[in-house]
Amino acid sequence: MTIDEQVQYLRKGAIEIIREEELRGKLERSAKTGKPLRVKLGADPTAPDIHLGHTVVIRKLRAFQDLGHTAIFLIGDFTGLIGDPSGKTATRPQLTREEINANAETYKRQIFKLLDPDKTEIRFNSEWMQKLGSDGFIRLAAHITVKQILERDDFAKRLAEERPIALHELLYPLTQAYDSVALEADVELGGTDQKFNLLLGRNLQREYKQEAQVAVITPLLEGTDSVQKMSKSLGNYIGISEPPSEIFGKIMSISDDLMWRYYELLTDLTIDQIAALRGVADNGERNPRDIKAELAKKIVSDFHSDAEAQRAEEEFNRIFRNKQAPDEIEERIVAFGDRELRHLLVELGLASSNAEARELIKGGGVSLDGERCNLQTKYSISIRPGKPGHDIKVGKRRFVRVRGPK
């Protein structure tokens, strides 16, 4: 690619590049000298699973890798002990070293679904932070003022609301910034919630007489609710290690509008290619549902395989288009006898109470043997020896086959 093409390629899916002219200069120098840029992405191993929201910035790291640059995936095993206060209204609970080490191992396995392991440098910031020592850390802290740290929006908000800020939280941005110094990073990647930390890295590199890194900032991805950012705590996430059918089904559940954002942030399609797809959807030439299915297959293929993506689509169509039960269905054994449907839902753990079961039926969320249930009909489930079982569907993807003992 020409330098212009490289900048355009790296700009896709980035909400801001600070500064783009510096990035261009670094790319030009790299092309002349043959020395690849050192591109850093840090992640604290605070949870064992990576979801699609995390992969937005990992894909950006791969984009640099595809251009021949050194991808550095930094596991913040030291900063993880502190806990990133970005966007938090209260102090995070601190993790143990055992929890961090276990999570770090899962990160290493999962990131190589996107990154080339032979071209990726895995580093841990405990390498240099533990060597720094208490006197070195004090000298490091002399390079930053309290005023600079308190300029962070979340810190300022917590002070205004008289919420406590633990002293170790104020040290987090400084520690992350020092990672850029230790790695001599040319570029650092991060989401919008990391902007302050990335800019502090630029400042600290200048303090250490290094050339300031370029900050490439990516947006935060909305979850399956199409509103809030993807998060395990909100239950709107899509984990990259989930079964292919789960990933496919969750992608199909997002809104048509959000689909285009997923195309931009989670695929390698160019902006022009995405615009062309949107054009044929808007003018009625193609059904948006089919374009969304293509998106779901692309994403499943990234984390599983093309064959599993194809099977996931066939399974989805069998269940939702053709109204058939899936090939593999959970089977539950119950005692012989007759039961009302709502009581059976509670017995099977598909509803927490008769009242919840009633609301599920009222909302059209329950099907019995392929027929959607309603409140006007009293459904009596008869479980008898030698008789076939009954298929119950609750919500969009929960299937249970209930039968008596053999």
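This is a predicted model, so every value here is computed, not measured.
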> Just by distance, do the side chain of S253 and the backbone of K250 share a donor-acceptor pair under 3.5 Å?
Replying inline: yes
>> For R286, I'd like to know if atom CZ has over 12 heavy atoms of other residues, nucleotides or ligands within 6.0 Å.
In response: yes
> Can L189 and T218 be said to form a side-chain contact (heavy atoms from CB on, under 4.5 Å), step by step?
Replying inline: CA-CA 8 Å; L189 313 176; T218 57; over 6 Å; no
> Given N374 and Y379, is the side-chain contact (heavy atoms from CB on, under 4.5 Å) satisfied, shown in steps?
Replying inline: CA-CA 9 Å; N374 57 64; Y379 298 91; 3.6 Å; yes
> Taking the side chain as C-beta and beyond, is there a heavy-atom pair between V39 and V216 under 4.5 Å?
Replying inline: no
> Quick one: salt bridge (Lys or Arg N to Asp or Glu O under 4.0 Å) partners of D256, sequence neighbours excluded?
Replying inline: K292
> Does the pair L52 and I240 meet the rule for a side-chain contact (heavy atoms from CB on, under 4.5 Å), with working shown?
Replying inline: CA-CA 6 Å; L52 288 185; I240 68 172; 4.0 Å; yes
> How far apart are the closest heavy atoms of G404 and I333, and which atoms are they?
Replying inline: C-CG2, 4.0 Å
> Looking only at heavy atoms, which two atoms of A43 and F73 are closest? And how far apart?
Replying inline: CB-CZ, 3.9 Å
>> Does D153 have more than 12 heavy atoms from other residues, nucleotides or ligands lying within 6.0 Å of its CG?
In response: no
> For the atom pair OG1 (T55) and CD1 (I299), what is the distance rounded to the nearest 0.5 Å?
Replying inline: 7.5 Å
> Going by an N to O cut-off under 4.0 Å, is there a salt bridge joining R403 and E331?
Replying inline: yes
> What residues form a side-chain hydrogen bond (donor to acceptor under 3.5 Å, both in side chains) with Q228, not counting sequence neighbours?
Replying inline: none
>> Looking at every non-hydrogen atom in both residues, tell me the closest pair between P288 and A281 and how far apart they are.
In response: CG-CB, 4.3 Å
>> Testing the basics here: between F303 and K113, what is the closest heavy-atom pair and its distance to 0.1 Å?
In response: O-NZ, 3.2 Å
>> Quick check against the 3.5 Å criterion: does Q110 have a side-chain atom that pairs as donor or acceptor with the backbone of I50?
In response: yes
> What residues, two or more places apart in sequence or in another chain, satisfy side-chain contact (heavy atoms from CB on, under 4.5 Å) together with T145?
Replying inline: K147, Q148
> Would E314 and R311 count as a salt bridge (Lys or Arg N to Asp or Glu O under 4.0 Å) if you check the C-alpha gap in whole Å, the side-chain angles of each, and the deciding distance to 0.1 Å?
Replying inline: CA-CA 5 Å; E314 291 168 358; R311 283 196 291 272; over 6 Å; no
> If we ignore angles and hydrogens, is there a donor and acceptor under 3.5 Å between the side chains of S353 and E356?
Replying inline: no
>> H304: which residues meet the ring-ring contact (aromatic ring centres under 6.0 Å, His included) condition with it, sequence neighbours left out?
In response: none
>> Which residues pass the side-chain contact (heavy atoms from CB on, under 4.5 Å) test with I271, not counting sequence neighbours?
In response: K12, E264
> With K297, which residues qualify under side-chain contact (heavy atoms from CB on, under 4.5 Å), at least two apart?
Replying inline: F248, A309, Q310, E313
>> Could you report the tightest heavy-atom contact between E22 and Q213, atom names first, then the distance?
In response: OE1-O, 4.4 Å
>> Less than 4.5 Å apart, side chain to side chain, heavy atoms only: is that true for R123 and W128?
In response: yes
>> Going by the rule side-chain hydrogen bond (donor to acceptor under 3.5 Å, both in side chains), which residues pair with T106 if we only count those two or more places apart in sequence or in a different chain?
In response: none
> Are the side chain of R332 and the backbone N or O of L348 linked by a donor-acceptor pair below 3.5 Å?
Replying inline: yes
>> Please report the interatomic distance CD(E340) to CD(E347), rounded to the nearest 0.5 Å.
In response: 12.5 Å
>> Any heavy-atom pair between the side chains of L269 and L277 that's under 4.5 Å?
In response: yes
> Which residues satisfy the side-chain hydrogen bond (donor to acceptor under 3.5 Å, both in side chains) test with N103, sequence neighbours excluded?
Replying inline: none
>> According to ring-ring contact (aromatic ring centres under 6.0 Å, His included), who are the partners of F137, at least two apart in sequence or on a separate chain?
In response: none
>> Could you tell me if the side chain of T270 sits less than 4.5 Å from the side chain of Q8, heavy atoms only?
In response: no
> Got a sec, which pairs hit ring pair (Phe, Tyr, Trp, His ring centres under 6.0 Å) with one end in residues 22-53, sequence neighbours left out?
Replying inline: H51-H54
> Does NZ or CZ of K40 come closer than 6.0 Å to the centre of the six-membered ring of F64, within 45° of the ring's axis?
Replying inline: no
> Nearest 0.5 Å, what's the CZ-CZ distance between R158 and R163?
Replying inline: 8.5 Å
>> One thing to verify: whether R62 and D268 come together as a salt bridge, which I'm taking to mean a side-chain N less than 4.0 angstrom from a carboxylate O.
In response: yes
> With a 4.0 Å cut-off, would you call R401 and D391 a salt bridge?
Replying inline: yes
> Heavy-atom distance under 4.5 Å between the side chains of V366 and R342, does that happen here?
Replying inline: no
>> Suppose we screen for side-chain contact (heavy atoms from CB on, under 4.5 Å). Which residues come up paired with D306, at least two apart in sequence or across chains?
In response: S301
>> Quick check: closest heavy atoms across K26 and L37, and the distance to 0.1 Å?
In response: O-CD2, 3.6 Å
>> We want to know whether T120 and Q65 form a side-chain donor-acceptor pair, criterion being a heavy-atom distance below 3.5 angstrom.
In response: yes
> Quick one: does E5's side chain have a donor or acceptor within less than 3.5 Å of a partner on T2's backbone?
Replying inline: yes
>> Among residues at least two apart in sequence or on other chains, which ones pass side-chain hydrogen bond (donor to acceptor under 3.5 Å, both in side chains) with D257?
In response: none
>> Looking only at the side chains, is there a donor atom on one of S245 and E315 sitting less than 3.5 Å from an acceptor on the other?
In response: no
> Mind checking whether R59 and D302 have side chains closer than 4.5 Å, heavy atoms only?
Replying inline: yes
> So do Y178 and H143 actually touch side chain to side chain, heavy atoms under 4.5 Å?
Replying inline: no
>> Strictly distance-based, threshold 3.5 Å: is any side-chain N or O of N197 a donor or acceptor partner for the main-chain N or O of A177?
In response: no
> Within a radius of less than 6.0 Å around CZ of R339, do more than 12 heavy atoms belonging to other residues, nucleotides or ligands occur?
Replying inline: yes
> Donor-acceptor pair, D186 side chain versus R38 backbone, under 3.5 Å?
Replying inline: yes
>> Quick one: does any side-chain atom of N236 pair with a main-chain N or O of D225 as donor and acceptor, under 3.5 Å?
In response: no
> Are there more than 12 heavy atoms of other residues, nucleotides or ligands under 6.0 Å from atom CZ of R19?
Replying inline: no
> Which value, rounded to the nearest 0.5 Å, describes the distance between I254 atom CD1 and Y262 atom OH?
Replying inline: 5.0 Å
> So how far is it from R24 CZ to E21 CD, rounded to the nearest 0.5 Å?
Replying inline: 9.5 Å
>> Between H69 and V187, is there a side-chain heavy-atom distance shorter than 4.5 Å?
In response: no
> Roughly how far apart are I247 CD1 and M252 CE, rounded to 0.5 Å?
Replying inline: 14.5 Å
> Are H390 and L368 close enough, and set up right, to give a side-chain contact (heavy atoms from CB on, under 4.5 Å), and what steps lead you there?
Replying inline: CA-CA 7 Å; H390 296 276; L368 177 63; 4.0 Å; yes
